[in-house]
Amino acid sequence: MTPKYTSSANKMVYNNQVWEVVRQIPPGNVATYGQIASLIPPPEGMPAESYRKLSPRWVGGAMAACPEGVPWQRVINAQGKISLRGSVAETQRELLEAEGVEFDERGRIDLKRFRWKRPDQDEQQLGLPL
DNA sequence: TCCTTGACTCAGA
DNA sequence: CTCTGAGCCAAGG
């Protein structure tokens with residue numbers, strides 16, 4: 001039968017990979033959901049194209065179940081903004097500002113300045129403007 | 001079973 | 001810059 005890439009077992013494995021990556025983001029830096037997804041390989045047999053469309057949401061799902069000890073506040077969306085709503089969003093902003101991350105009037109972070117760049121990762125891999 | 005709602009992103013208008 | 005809609009999928013009412 002056609003294998004789905006979303007069995008609870010595989011999801012748990014994926015979540016652990018997400019948290020592992022997030023743990024590597026140093027203070028004062030941020031990463032987007034899509035960026036984190038790009039650092040994790042697709043499940044066995046999954047087309048890269050499909051993975052590209054689904055993975056950002058998977059990362060979001062992993063962050064929603066984030067265990068303690070993981071710097072969840074360093075994960076933001078591709079627009080450079082906080083994706084959470086309500087009071088928890090303020091908490092995230094405060095934690096980031098305490099690390100030196102700056103927000104503009106629109107509540108947006110300049111990814112050119114604060115986006116985390118893994119040692120072995122360069123701009124062209126993400127195709128993002130620098 | 002249908003409909004809504006997500007810690008997403010990209011392309012258009 | 002803001003707002004939609006599409007693409008995708010799972011969970012809950």
Side-chain angles (χ1 to χ4, degrees):
Chain A
M1 61 184 193
T2 308
K4 286 267 182 174
Y5 310 102
T6 53
S7 72
S8 64
N10 289 327
K11 187 174 296 184
M12 200 50 223
V13 169
Y14 192 83
N15 285 357
N16 278 309
Q17 293 182 89
V18 170
W19 301 327
E20 188 54 42
V21 171
V22 175
R23 264 190 275 265
Q24 295 174 45
I25 305 173
N29 287 77
V30 297
T32 67
Y33 298 90
Q35 179 185 351
I36 291 168
S38 73
L39 295 176
I40 300 173
E44 195 70 24
M46 182 177 193
E49 190 176 332
S50 303
Y51 181 71
R52 188 188 56 206
K53 300 178 202 169
L54 301 178
S55 56
R57 281 220 188 264
W58 288 2
V59 172
M63 295 314 293
C66 191
E68 285 187 33
V70 175
W72 57 273
Q73 73 274 22
R74 299 177 194 147
V75 184
I76 60 177
N77 63 35
Q79 285 74 53
K81 299 194 294 187
I82 286 174
S83 282
L84 290 167
R85 281 169 289 177
S87 61
V88 63
E90 280 188 27
T91 299
Q92 179 170 13
R93 174 167 177 154
E94 289 168 9
L95 287 171
L96 288 175
E97 292 183 318
E99 298 181 354
V101 176
E102 298 167 23
F103 290 75
D104 63 15
E105 295 73 11
R106 302 255 175 200
R108 200 184 50 192
I109 295 170
D110 185 353
L111 290 174
K112 288 178 171 56
R113 296 177 55 197
F114 300 103
R115 181 166 69 78
W116 171 51
K117 296 176 84 168
R118 221 184 176 186
D120 59 315
Q121 169 194 14
D122 43 52
E123 314 76 67
Q124 54 181 318
Q125 182 181 340
L126 289 171
L128 297 175
L130 183 64

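In what follows, chains carry the letters A, B, and so on, assigned in the order in which the sequence lines appear, proteins first and then strands, with residues in each chain numbered from 1. Values in this document were obtained by computation on a predicted structure and should not be read as measured data.
- Residue pairs satisfying the side chain to side chain donor-acceptor pair (under 3.5 Å) criterion with at least one member in residues 86-96 of chain A, sequence neighbours excluded, are listed as follows: A:Arg93-A:Glu97.
- Atom name C1', nucleotides C:dA10 and B:dC10: the rounded distance is 22 Å, in whole Å.
- Residues A:Val18 and A:Met12 fall within the same hydrophobic cluster, defined by Ile, Leu, Val, Met, Phe, Trp and Tyr side chains chained together at heavy-atom separations under 4.5 Å.
- Taking the C1' atoms as reference points, B:dG6 lies 12 Å from C:dC8, given to the whole Å.
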(request) At under 4.0 Å between heavy atoms, which parts of nucleotides 4-9 of chain B does protein reach? Answer with one letter per nucleotide, 5' to 3': B base, S sugar-phosphate only, - none. (result) --SBBS
Give every pair of a protein N or O atom and an N or O atom of nucleotides 1-3 of chain C that lie under 3.5 Å apart, one pair per line with the distance.
residue	atom	partner	partner atom	Å
C:dC1	OP2	A:Arg108	NH1	2.2
C:dC1	OP2	A:Arg108	NH2	3.0
C:dC1	O3'	A:Arg106	NH1	3.3
C:dT2	OP1	A:Arg106	NH1	2.9

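- Separation of atoms CG (A:Asn29) and CG (A:Leu111) is listed at 11.0 Å; rounding is to 0.5 Å.
- A 4.5 Å side-chain heavy-atom check between A:Phe114 and A:Leu96 finds every atom pair outside the cut-off.
- In this structure, A:Tyr51 atom OH and C:dG7 atom C1' are separated by 17 Å, rounded to whole Å.
- Between A:Ile109 atom CD1 and A:Ile76 atom CD1 the span is 4.0 Å, to the nearest 0.5 Å.
- Rounding to whole angstrom units, OH of residue A:Tyr14 and C1' of C:dC8 are separated by 14 Å.
- When every heavy atom of A:Tyr33 is checked against every heavy atom of A:Pro56, the shortest pair comes out as CB-O, 3.9 Å.
- A:Met63 and A:Val88 fall within a single hydrophobic cluster, where Ile, Leu, Val, Met, Phe, Trp and Tyr are joined by side-chain heavy atoms under 4.5 Å apart, directly or via other members.
- Taken to the nearest 0.5 Å, the CZ atom of A:Phe103 stands 4.0 Å off from the CD1 atom of A:Ile82.
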